[in-house]
Trainee: 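After the structure tokens below, expect a handful of questions from me.
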Amino acid sequence: ERLGERPGAIVDQEGHVLGRHRGTYNFTVGQRRGLGVPAPAPLYVREILAAEDIVVVGPVDTLRVRTVVAEDVVIHRWPVPTRGTVQLRSSGRVFPAAVRFDPARSRAVFALREEAPGVAPGQAAVFYQGDAVILAGTIVETAAR
């Protein structure tokens with residue numbers, strides 16, 4: 001109620017308008033239910049462009065990522081190893097990954113050894129070696145490769 005309505009478009013990956021919404025704040029990456037868009041196959045929220053009031057949807061395979069970039073990284077143990085596991089989201093799975101850490105930019109790039117579904121900017125990435133937390137940051141970017 002306090003946010004009010006911020007209507008916008010629900011679009012596919014090519015930018016074709018499939019429907020309308022009453023506010024991007026009603027959606028989360030990976031969401032399937034409640035989109036209100038008829039389609040021959042299930043659609044999922046891929047991306048939320050809040051500044052433009054756009055929700056981008058696509059098939060489930062478009063949610064999978066292999067590269068995750070985190071910023072505002074906090075180091076818990078030094079030196080940072082190049083291999084370990086990364087947990088994506090607070091209750092998400094742990095994925096084997098290699099990491100490139102740039103201390104000057106407080107930025108880490110994780111190369112996942114397997115695809116991770118539904119990872120979105122704003123979520124947390126925590127890098128482990130065994131049970132030890134090595135570093136943690138906020139996801140700012142993802143990519144399929």
Side-chain angles (χ1 to χ4, degrees), residues 1-77 80 82-129 131 133-145:
E1 291 176 3
R2 291 186 293 166
L3 293 174
E5 287 192 20
R6 292 218 27 192
I10 298 174
V11 302
D12 65 14
Q13 302 148 135
E14 291 80 36
H16 300 111
V17 176
L18 304 177
R20 306 282 302 159
H21 65 77
R22 296 186 348 197
T24 58
Y25 48 78
N26 291 310
F27 299 90
T28 187
V29 171
Q31 177 179 336
R32 176 176 174 221
R33 296 187 186 275
L35 299 181
V37 176
L43 295 174
Y44 297 80
V45 175
R46 292 186 59 223
E47 187 176 7
I48 299 167
L49 305 171
E52 293 114 47
D53 298 315
I54 294 174
V55 176
V56 182
V57 298
V60 70
D61 61 331
T62 64
L63 291 176
R64 297 185 177 105
V65 300
R66 294 289 291 255
T67 303
V68 175
V69 180
E71 291 185 348
D72 299 325
V73 172
V74 176
I75 302 297
H76 294 272
R77 293 202 179 202
V80 174
T82 58
R83 299 210 176 275
T85 57
V86 63
Q87 183 173 11
L88 305 170
R89 302 184 306 216
S90 61
S91 60
R93 259 185 72 200
V94 175
F95 294 87
V99 65
R100 286 189 332 262
F101 174 62
D102 180 352
R105 295 176 62 196
S106 186
R107 178 180 171 104
V109 178
F110 302 98
L112 309 181
R113 290 192 11 215
E114 58 187 86
E115 294 177 327
V119 180
Q123 297 173 334
V126 181
F127 187 64
Y128 295 88
Q129 189 164 57
D131 290 337
V133 173
I134 304 300
L135 58 81
T138 303
I139 297 169
V140 295
E141 185 181 330
T142 64
R145 282 269 152 224

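Note: hydrogens, waters and symmetry copies are ignored here, and every other heavy atom, side chains too, is used.
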Trainee: Should R66 and E115 count as an ion pair when the cut-off is N to O under 4.0 Å?
Mentor: no

Trainee: Please find the pair of heavy atoms, one from F101 and one from R107, that lie closest to each other, and give the distance.
Mentor: CD1-O, 3.4 Å

Trainee: Hey, mind stepping through L18 and L43 against side-chain contact (heavy atoms from CB on, under 4.5 Å) and telling me if it holds?
Mentor: CA-CA 11 Å; L18 304 177; L43 295 174; 4.1 Å; yes

Trainee: Could you pull out the closest heavy-atom pair between V80 and I75, with the gap in Å?
Mentor: CG2-CD1, 3.9 Å

Trainee: Before you tell me yes or no, could you show the steps for T24 and L49 under side-chain contact (heavy atoms from CB on, under 4.5 Å), namely the whole-Å CA-CA distance, both residues' side-chain angles and the distance that decides it to 0.1 Å?
Mentor: CA-CA 8 Å; T24 58; L49 305 171; over 6 Å; no

Trainee: Checking side-chain contact (heavy atoms from CB on, under 4.5 Å) between V65 and each of L88, I139, V119, which is the one that passes?
Mentor: V119

Trainee: If every non-hydrogen atom of V133 is compared with every non-hydrogen atom of V126, which pair is closest and at what distance?
Mentor: CG1-CG1, 3.9 Å

Trainee: For the CG atom of N26 and the CZ atom of R6, what is their distance to the nearest 0.5 Å?
Mentor: 12.0 Å

Trainee: Which one of T85, T142, T67, V86 satisfies the side-chain contact (heavy atoms from CB on, under 4.5 Å) criterion with L112?
Mentor: V86

Trainee: Check P121 against E141 and note the closest heavy-atom contact, atom names and distance.
Mentor: CG-N, 4.4 Å

Trainee: Can you check whether P59 reaches Q13 side chain to side chain, under 4.5 Å on heavy atoms?
Mentor: yes

Trainee: Indicate yes or no for a side-chain donor-acceptor contact from Q31 to the backbone of R33 under 3.5 Å, with no hydrogens or angles considered.
Mentor: yes

Trainee: Compare every heavy atom of A125 with every heavy atom of F110, then report the nearest pair and how far apart it is.
Mentor: CE1-CB, 3.9 Å

Trainee: Could you grab the distance from atom OH of Y128 to atom CD of Q87, nearest 0.5 Å is fine?
Mentor: 4.5 Å

Trainee: Please assess V73 against F127 for the test side-chain contact (heavy atoms from CB on, under 4.5 Å), listing each intermediate value before the final yes or no.
Mentor: CA-CA 10 Å; V73 172; F127 187 64; over 6 Å; no

Trainee: Quick one: list whatever passes ring-ring contact (aromatic ring centres under 6.0 Å, His included) with F27, sequence neighbours left out.
Mentor: H21

Trainee: Which atom names give the shortest non-hydrogen contact between R83 and Q129, and what distance separates them?
Mentor: O-NE2, 3.5 Å

